[in-house]
Amino acid sequence: AQTIHQWPVAEIKAVGSPLSLGCTIKGKSSPNLYWYWQATGGTLQQLFYSITVGQVESVVQLNLSASRPKDDQFILSTEKLLLSHSGFYLCAWSLLGDEQYFGPGTRLTVL
Amino acid sequence: AQKVTQTQTSISVMEKTTVTMDCVYETQDSSYFLFWYKQTASGEIVFLIRQDSYKKENATVGHYSLNFQKPKSSIGLIITATQIEDSAVYFCAMREGRSYAQGLTFGLGTRVSVFP
(Lines give C-alpha, C1' and ligand atoms only; values in the text may rest on other atoms or scores of the structure.)
Protein backbone atom coordinates (compact mmCIF):
# COMPACT_ATOMS: atom_id res chain seq x y z
CA ALA A 1 0.00 0.00 0.00
CA GLN A 2 1.14 3.48 -0.77
CA THR A 3 1.99 5.90 2.01
CA ILE A 4 2.72 9.60 1.93
CA HIS A 5 4.74 11.28 4.64
CA GLN A 6 5.36 14.96 5.19
CA TRP A 7 7.89 16.57 7.45
CA PRO A 8 7.95 18.39 9.73
CA VAL A 9 4.45 18.18 11.15
CA ALA A 10 4.62 21.83 12.19
CA GLU A 11 7.09 24.69 12.13
CA ILE A 12 7.33 28.08 13.78
CA LYS A 13 9.82 30.29 11.96
CA ALA A 14 10.93 33.89 11.95
CA VAL A 15 10.43 36.25 9.03
CA GLY A 16 13.50 36.18 6.82
CA SER A 17 14.61 32.72 7.88
CA PRO A 18 14.98 29.80 5.44
CA LEU A 19 12.52 26.96 5.14
CA SER A 20 12.56 23.41 3.83
CA LEU A 21 9.52 21.13 3.81
CA GLY A 22 9.62 17.55 2.62
CA CYS A 23 7.31 14.93 1.22
CA THR A 24 7.96 11.24 0.55
CA ILE A 25 5.71 8.78 -1.25
CA LYS A 26 6.27 5.07 -0.81
CA GLY A 27 4.61 2.29 -2.74
CA LYS A 28 4.10 4.09 -6.05
CA SER A 29 6.48 4.31 -8.97
CA SER A 30 6.88 7.60 -10.86
CA PRO A 31 3.87 9.40 -9.44
CA ASN A 32 2.92 12.95 -10.32
CA LEU A 33 3.65 15.09 -7.29
CA TYR A 34 2.08 18.37 -6.18
CA TRP A 35 2.45 21.06 -3.54
CA TYR A 36 -0.57 22.98 -2.32
CA TRP A 37 -0.93 25.82 0.16
CA GLN A 38 -3.96 26.56 2.28
CA ALA A 39 -4.44 29.73 4.31
CA THR A 40 -6.31 29.30 7.58
CA GLY A 41 -9.98 28.85 6.74
CA GLY A 42 -9.26 29.07 3.02
CA THR A 43 -9.18 26.88 -0.02
CA LEU A 44 -6.29 24.94 -1.53
CA GLN A 45 -3.99 26.75 -3.94
CA GLN A 46 -1.70 24.72 -6.13
CA LEU A 47 1.95 25.82 -6.00
CA PHE A 48 4.02 23.31 -7.98
CA TYR A 49 3.77 20.03 -9.80
CA SER A 50 6.27 17.48 -11.04
CA ILE A 51 5.83 14.55 -13.39
CA THR A 52 9.38 13.23 -13.22
CA VAL A 53 12.62 13.47 -11.28
CA GLY A 54 14.43 16.75 -11.74
CA GLN A 55 11.49 18.52 -13.40
CA VAL A 56 9.24 20.92 -11.51
CA GLU A 57 6.68 23.34 -12.89
CA SER A 58 5.58 26.44 -10.99
CA VAL A 59 1.91 27.37 -10.92
CA VAL A 60 1.91 30.35 -8.57
CA GLN A 61 4.81 32.60 -7.68
CA LEU A 62 4.94 32.98 -3.91
CA ASN A 63 8.70 33.37 -3.44
CA LEU A 64 8.95 29.63 -2.99
CA SER A 65 10.79 26.95 -4.92
CA ALA A 66 10.43 23.21 -5.26
CA SER A 67 12.64 20.34 -6.27
CA ARG A 68 12.28 16.64 -6.92
CA PRO A 69 15.65 15.07 -6.18
CA LYS A 70 14.32 11.51 -6.15
CA ASP A 71 11.35 9.74 -7.71
CA ASP A 72 9.63 9.50 -4.35
CA GLN A 73 10.66 12.84 -2.84
CA PHE A 74 9.39 16.40 -3.25
CA ILE A 75 10.92 19.37 -1.46
CA LEU A 76 9.48 22.86 -0.93
CA SER A 77 11.82 25.62 0.15
CA THR A 78 12.62 29.30 0.39
CA GLU A 79 15.63 31.28 1.52
CA LYS A 80 13.60 34.05 3.15
CA LEU A 81 10.21 33.53 4.73
CA LEU A 82 7.49 36.16 4.61
CA LEU A 83 4.55 36.55 6.97
CA SER A 84 2.31 35.62 4.05
CA HIS A 85 3.89 32.17 3.89
CA SER A 86 2.03 31.09 7.01
CA GLY A 87 -0.50 28.36 6.40
CA PHE A 88 -0.95 24.67 5.77
CA TYR A 89 1.24 23.01 3.15
CA LEU A 90 0.05 19.83 1.56
CA CYS A 91 1.82 17.39 -0.69
CA ALA A 92 -0.22 15.18 -3.02
CA TRP A 93 0.36 12.43 -5.54
CA SER A 94 -1.50 10.95 -8.47
CA LEU A 95 -0.96 8.47 -11.26
CA LEU A 96 -1.44 9.98 -14.70
CA GLY A 97 -4.66 11.94 -14.55
CA ASP A 98 -6.36 10.13 -11.73
CA GLU A 99 -7.55 11.62 -8.48
CA GLN A 100 -4.95 13.06 -6.14
CA TYR A 101 -4.18 11.76 -2.68
CA PHE A 102 -2.95 14.13 -0.03
CA GLY A 103 -0.41 13.84 2.73
CA PRO A 104 -1.07 14.88 6.33
CA GLY A 105 0.31 18.37 5.77
CA THR A 106 2.73 20.74 7.53
CA ARG A 107 1.45 23.71 9.52
CA LEU A 108 3.74 26.71 9.16
CA THR A 109 3.61 29.78 11.36
CA VAL A 110 5.81 32.71 10.41
CA LEU A 111 6.35 35.31 13.12
CA ALA B 1 -9.26 29.57 -17.29
CA GLN B 2 -10.99 27.07 -15.10
CA LYS B 3 -13.01 28.13 -12.08
CA VAL B 4 -14.92 26.30 -9.36
CA THR B 5 -17.62 27.98 -7.29
CA GLN B 6 -19.22 26.73 -4.09
CA THR B 7 -21.75 29.26 -2.87
CA GLN B 8 -22.86 27.51 0.32
CA THR B 9 -20.57 28.50 3.16
CA SER B 10 -22.06 26.16 5.75
CA ILE B 11 -24.85 23.63 6.17
CA SER B 12 -26.25 22.11 9.34
CA VAL B 13 -28.16 18.83 9.28
CA MET B 14 -29.51 16.28 11.69
CA GLU B 15 -27.88 12.88 11.85
CA LYS B 16 -29.28 10.20 9.53
CA THR B 17 -30.69 12.76 7.10
CA THR B 18 -29.51 13.70 3.60
CA VAL B 19 -27.36 16.72 2.80
CA THR B 20 -26.80 18.21 -0.65
CA MET B 21 -24.00 20.57 -1.61
CA ASP B 22 -23.74 22.65 -4.77
CA CYS B 23 -20.78 23.27 -7.04
CA VAL B 24 -20.63 25.11 -10.34
CA TYR B 25 -17.60 25.04 -12.60
CA GLU B 26 -16.26 26.89 -15.63
CA THR B 27 -13.98 25.47 -18.28
CA GLN B 28 -13.23 25.84 -21.97
CA ASP B 29 -12.24 22.18 -22.29
CA SER B 30 -14.65 19.61 -23.68
CA SER B 31 -13.01 17.01 -21.46
CA TYR B 32 -12.63 17.54 -17.72
CA PHE B 33 -12.72 15.74 -14.41
CA LEU B 34 -14.58 16.72 -11.26
CA PHE B 35 -13.74 15.65 -7.73
CA TRP B 36 -15.04 16.01 -4.21
CA TYR B 37 -12.77 16.02 -1.21
CA LYS B 38 -13.43 16.16 2.51
CA GLN B 39 -11.21 17.97 5.02
CA THR B 40 -11.57 16.82 8.61
CA ALA B 41 -10.97 18.90 11.71
CA SER B 42 -7.41 17.58 11.92
CA GLY B 43 -6.69 18.94 8.44
CA GLU B 44 -6.65 15.59 6.70
CA ILE B 45 -7.91 15.79 3.12
CA VAL B 46 -9.70 12.71 1.87
CA PHE B 47 -10.72 11.92 -1.70
CA LEU B 48 -14.40 10.98 -1.86
CA ILE B 49 -15.69 10.63 -5.42
CA ARG B 50 -15.09 11.73 -9.01
CA GLN B 51 -17.09 12.37 -12.16
CA ASP B 52 -15.57 12.29 -15.62
CA SER B 53 -17.21 14.71 -18.04
CA TYR B 54 -17.78 12.10 -20.74
CA LYS B 55 -19.74 9.81 -18.42
CA LYS B 56 -23.50 10.33 -18.33
CA GLU B 57 -24.16 8.23 -15.24
CA ASN B 58 -23.88 9.91 -11.87
CA ALA B 59 -21.05 8.46 -9.80
CA THR B 60 -21.85 6.75 -6.51
CA VAL B 61 -19.47 5.54 -3.80
CA GLY B 62 -20.88 4.27 -0.54
CA HIS B 63 -23.21 6.93 0.87
CA TYR B 64 -21.81 9.59 -1.47
CA SER B 65 -23.39 10.29 -4.84
CA LEU B 66 -23.17 13.02 -7.43
CA ASN B 67 -25.78 15.01 -9.31
CA PHE B 68 -23.99 15.84 -12.55
CA GLN B 69 -25.87 18.36 -14.70
CA LYS B 70 -23.53 19.03 -17.58
CA PRO B 71 -25.67 21.65 -19.39
CA LYS B 72 -25.67 23.69 -16.17
CA SER B 73 -21.98 23.04 -15.45
CA SER B 74 -23.05 21.75 -12.08
CA ILE B 75 -21.79 18.87 -9.92
CA GLY B 76 -23.63 18.49 -6.65
CA LEU B 77 -22.59 16.14 -3.84
CA ILE B 78 -25.25 14.20 -1.96
CA ILE B 79 -24.56 12.46 1.32
CA THR B 80 -27.28 10.12 2.51
CA ALA B 81 -27.76 8.76 6.01
CA THR B 82 -25.33 11.29 7.45
CA GLN B 83 -23.28 10.46 10.51
CA ILE B 84 -21.60 12.68 13.07
CA GLU B 85 -18.22 11.90 11.50
CA ASP B 86 -19.41 13.42 8.21
CA SER B 87 -18.93 16.81 9.84
CA ALA B 88 -16.16 18.41 7.80
CA VAL B 89 -15.40 20.91 5.07
CA TYR B 90 -16.21 19.61 1.61
CA PHE B 91 -14.29 20.86 -1.41
CA CYS B 92 -15.27 20.58 -5.03
CA ALA B 93 -12.33 20.46 -7.46
CA MET B 94 -11.72 20.24 -11.19
CA ARG B 95 -8.99 19.30 -13.59
CA GLU B 96 -9.14 20.02 -17.31
CA GLY B 97 -8.46 17.12 -19.61
CA ARG B 98 -5.69 18.76 -21.56
CA SER B 99 -3.62 19.33 -18.44
CA TYR B 100 -3.50 15.86 -16.95
CA ALA B 101 -0.23 16.51 -15.17
CA GLN B 102 -1.37 19.70 -13.56
CA GLY B 103 -3.11 19.97 -10.27
CA LEU B 104 -6.63 20.70 -9.25
CA THR B 105 -8.58 23.92 -8.99
CA PHE B 106 -10.60 23.96 -5.79
CA GLY B 107 -13.72 25.78 -4.69
CA LEU B 108 -13.88 27.64 -1.39
CA GLY B 109 -15.50 24.73 0.41
CA THR B 110 -18.73 24.08 2.29
CA ARG B 111 -18.66 23.36 6.00
CA VAL B 112 -21.10 20.63 7.00
CA SER B 113 -22.11 20.16 10.61
CA VAL B 114 -24.04 17.02 11.52
CA PHE B 115 -25.94 17.12 14.82
CA PRO B 116 -27.34 14.19 16.82
Side-chain angles (χ1 to χ4, degrees), chain A residues 2-6 8-11 21 23 30-53 55-60 62 66 68 74 76 86-109, chain B residues 1-10 21 23 25 27 29 31-55 59 61 64 66 75 77 88-111:
Chain A
Q2 66 283 346
T3 58
I4 180 168
H5 175 61
Q6 287 189 242
V9 173
E11 278 267 44
L21 304 180
C23 171
S30 301
N32 292 340
L33 298 177
Y34 310 86
W35 277 112
Y36 288 85
W37 172 78
Q38 184 182 33
T40 301
T43 189
L44 284 79
Q45 170 70 60
Q46 188 191 2
L47 301 176
F48 300 92
Y49 69 92
S50 170
I51 61 174
T52 191
V53 175
Q55 291 188 10
V56 177
E57 299 295 331
S58 174
V59 177
V60 175
L62 288 178
R68 186 171 178 176
F74 209 16
L76 183 70
S86 291
F88 195 39
Y89 288 84
L90 293 137
C91 179
W93 67 270
S94 73
L95 293 181
L96 296 178
D98 289 344
E99 56 273 8
Q100 294 181 19
Y101 294 92
F102 287 80
T106 295
R107 293 195 183 278
L108 175 66
T109 302
Chain B
Q2 54 186 330
K3 183 179 179 181
V4 176
T5 302
Q6 296 177 255
T7 57
Q8 300 159 295
T9 303
S10 64
M21 282 163 270
C23 175
Y25 57 90
T27 179
D29 263 11
S31 173
Y32 50 89
F33 304 86
L34 302 163
F35 307 86
W36 280 91
Y37 286 84
K38 164 185 176 181
Q39 186 170 33
T40 64
S42 67
E44 179 187 17
I45 296 181
V46 181
F47 165 70
L48 297 177
I49 190 169
R50 68 182 277 179
Q51 180 78 41
D52 300 344
S53 62
Y54 59 87
K55 293 184 177 179
V61 176
Y64 303 106
L66 297 178
I75 182 74
L77 174 67
V89 178
Y90 290 81
F91 290 99
C92 177
M94 179 175 71
R95 178 180 65 77
E96 293 177 326
R98 61 184 171 180
S99 58
Y100 80 93
Q102 294 184 20
L104 304 175
T105 296
F106 283 81
L108 295 180
T110 297
R111 180 175 298 278

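Owing to the predicted nature of the structure, the values given are computational and were not obtained by experimental measurement. Chain identifiers are assigned alphabetically (A, B, ...) following the order of the sequence lines, protein sequences preceding nucleic acid strands; residue numbering begins at 1 within each chain.
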Show the nearest heavy-atom pair for residues [X] and [Y], with the distance to one decimal.
{"X": "A:Ala92", "Y": "A:Gln100", "answer": "CB-OE1, 3.9 Å"}
{"X": "B:Phe91", "Y": "A:Gly42", "answer": "CZ-O, 3.8 Å"}
{"X": "B:Ser31", "Y": "B:Ser53", "answer": "CA-OG, 3.5 Å"}

Side chain, backbone, both or neither: which part of [X] has an atom under 4.5 Å from a heavy atom of chain B?
{"X": "A:Leu90", "value": "side chain"}
{"X": "A:Gln38", "value": "side chain"}
{"X": "A:Tyr36", "value": "side chain"}

Quiz prompt | Most chain A-contacting option - heavy-atom pairs closer than 4.5 Å, from B:Leu108, B:Thr105, B:Leu104 | solution = B:Leu104

Quiz prompt | Part of B:Gln39 within contact of chain A (heavy atom distance under 4.5 Å) | solution = side chain

Practice problem: Could you look at B:Ser42 and say if it's the side chain, the backbone, both or neither that has a heavy atom under 4.5 Å from chain A? | Solution: backbone

Quiz item: Is there a side-chain contact between B:Lys3 and B:Thr5, using heavy atoms and a 4.5 Å cut-off?
Solution: yes

Quiz item: What residues, two or more places apart in sequence or in another chain, satisfy ring pair (Phe, Tyr, Trp, His ring centres under 6.0 Å) together with B:Tyr64?
Solution: none

